[in-house]
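Only one structure is covered here, and it is reproduced in the block below.
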Amino acid sequence: MEALSERINSLPISATLAMAAKARELKSQGIDVIGLSLGEPDFNTPDFIKDAAIQAVNDNYNSYSPVDGYADLKEAVCEKFKRDNNLDYKPSQVVVSTGAKQSIANVCMVLLNPGDEVLLPAPYWVSYSAIATLAEATPVIVPTGIEQNFKITPEQLDAAITPKTKLIMFNSPNNPSGTVYTEAEYHALAAVLEKYPNIFILSDEIYEHINYGVAVFSLAAIPSLYDRTITVNGLAKAFAMTGWRIGYIGAPEWIAKACNKMQGQITSGTNCIAQRAAISALKAPVSKIQYMVDEFKNRRQLIIDLLRAMDGFNVNEPDGAFYVFPDVSSFFGKTLQGHTIANATDFALYLLEKAHVATVTGDAFGDPNCIRISYAASEDQIKKAMGRVAKALA
Ligand code: GLU
């Protein structure tokens, strides 16, 4: 331990992955844990994508790909950006990476210097702060809370900006809250950012297709922001391809070039078979994955109803992603079956121990009043899990 770098010693473990590992471990001991911790669709990857991967294996795609991705995949990414987001990117502005997580890490590594501040409207995805810290920048958390539907206001944004602010990370639909910014809300935030032309914007749109009626808007579609926005996306969530690890960015060319250089020293190009399959996924009409979104929508209603039927959960109605993020602060200070619940971490651990339901503490996402529950699980599992939670809290 002592021989390890300060960098790794001070790095927190990813709370989402840690909770999933804990649930797996308990399962391997024969305990029937219901895992609602990981943001992972429980669907199979659609057959037409699997077929493309099989074809790629048979076509002997076994060599290194270009570091930033196959040319025809980058073309497909540009077409997708145009079709879904009305964004004009050239292939030279695109870098394909090993998951959107690596895309975000590349961007942070190439843009941030020690002392730079990274604004994170909370709740934010767990790895944003860790990656910004790895890049030796300072995360600056801007709390929102359920009363403002987990959205940062223009006034809050303006107040949080300092001369050191280098980057702000937006994520809509949001993990963990499910919140979706409307076009008008993004324009109001853009009006603030227009006053600060040196600030870069990372717009993580990985959940864009998983939304329940509110049109998802891309920040880079605002002309005054285009030249300083990095649009991040990937295949994991919409296409049930979490393990395939394909993410990508559309960015100003000089940033894309820098990410390419960074990636060339760290991982090279991403997995060649997954890249070939990604072309089929991106070229397919979005209607091909609508059945999963419809199913998520039903589950969202189910879990909201079940949570609201219990005392103590303050839950809003998220417009996207597959998470609910209830405020559980009404339980703080209470003793349940001999366990004192001081905070959200205690609460999540209590649910794991007593109800055998895995969730993630809101602390990991910068909101200590909440827990994240993923409803990327079958209706039966959700009902069973909430039944157990009700019993543990009775
Ligand atoms: N993004 C997913 C989640 O938040 C996957 C796990 C992770 O990479 O954090 O659960």
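For reference, positions follow the sequence shown, starting with 1. Both ligands and their constituent atoms are indexed starting at 1 by order of listing.
- Between the side chains of His209 and Gln290, no donor-acceptor pair is found at a separation under 3.5 Å.
- If you look at ligand 1, the protein residues with a non-hydrogen atom under 4.0 Å away are Thr16, Leu17, Leu38, Gly39, Lys101, Trp125, Asn175, Lys237, Tyr323, Arg372.
- Between Lys261 and Asp68, none of the side-chain N atoms (NZ, or NE/NH1/NH2) sits under 4.0 Å from a carboxylate O, so this pair counts as no salt bridge.
- The number of heavy atoms from other shown groups lying within 6.0 Å of CD1 (Ile31) is above 12.
- Between the side chains of Gln55 and Asp51, no donor-acceptor pair is found at a separation under 3.5 Å.
- Tyr186 and Ser218 are not linked by any side-chain donor-acceptor pair at a separation below 3.5 angstrom, with hydrogens and angles left out of the test.
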Can you give me every donor-acceptor pair (side chain of residues 161-176, partner residue at least two apart or in another chain, under 3.5 Å) with its distance?
unit_1: Thr162; atom_1: OG1; unit_2: Glu117; atom_2: OE1; d: 2.8
unit_1: Thr162; atom_1: OG1; unit_2: Lys164; atom_2: N; d: 3.0
unit_1: Thr165; atom_1: OG1; unit_2: Thr162; atom_2: N; d: 2.8
unit_1: Thr165; atom_1: OG1; unit_2: Thr162; atom_2: O; d: 3.1
unit_1: Lys166; atom_1: NZ; unit_2: Leu111; atom_2: O; d: 2.6
unit_1: Asn171; atom_1: OD1; unit_2: Asn175; atom_2: N; d: 2.9
unit_1: Asn171; atom_1: ND2; unit_2: Pro173; atom_2: O; d: 3.2
unit_1: Asn171; atom_1: ND2; unit_2: Asp204; atom_2: O; d: 3.0
unit_1: Ser172; atom_1: OG; unit_2: Tyr181; atom_2: N; d: 2.9
unit_1: Asn174; atom_1: OD1; unit_2: Ser177; atom_2: N; d: 2.9
unit_1: Asn174; atom_1: OD1; unit_2: Ser177; atom_2: OG; d: 2.9
unit_1: Asn174; atom_1: ND2; unit_2: Pro123; atom_2: O; d: 3.2
unit_1: Asn174; atom_1: ND2; unit_2: Asn171; atom_2: O; d: 3.4
unit_1: Asn175; atom_1: OD1; unit_2: Arg372; atom_2: NH1; d: 2.6
unit_1: Asn175; atom_1: ND2; unit_2: Tyr207; atom_2: OH; d: 3.3

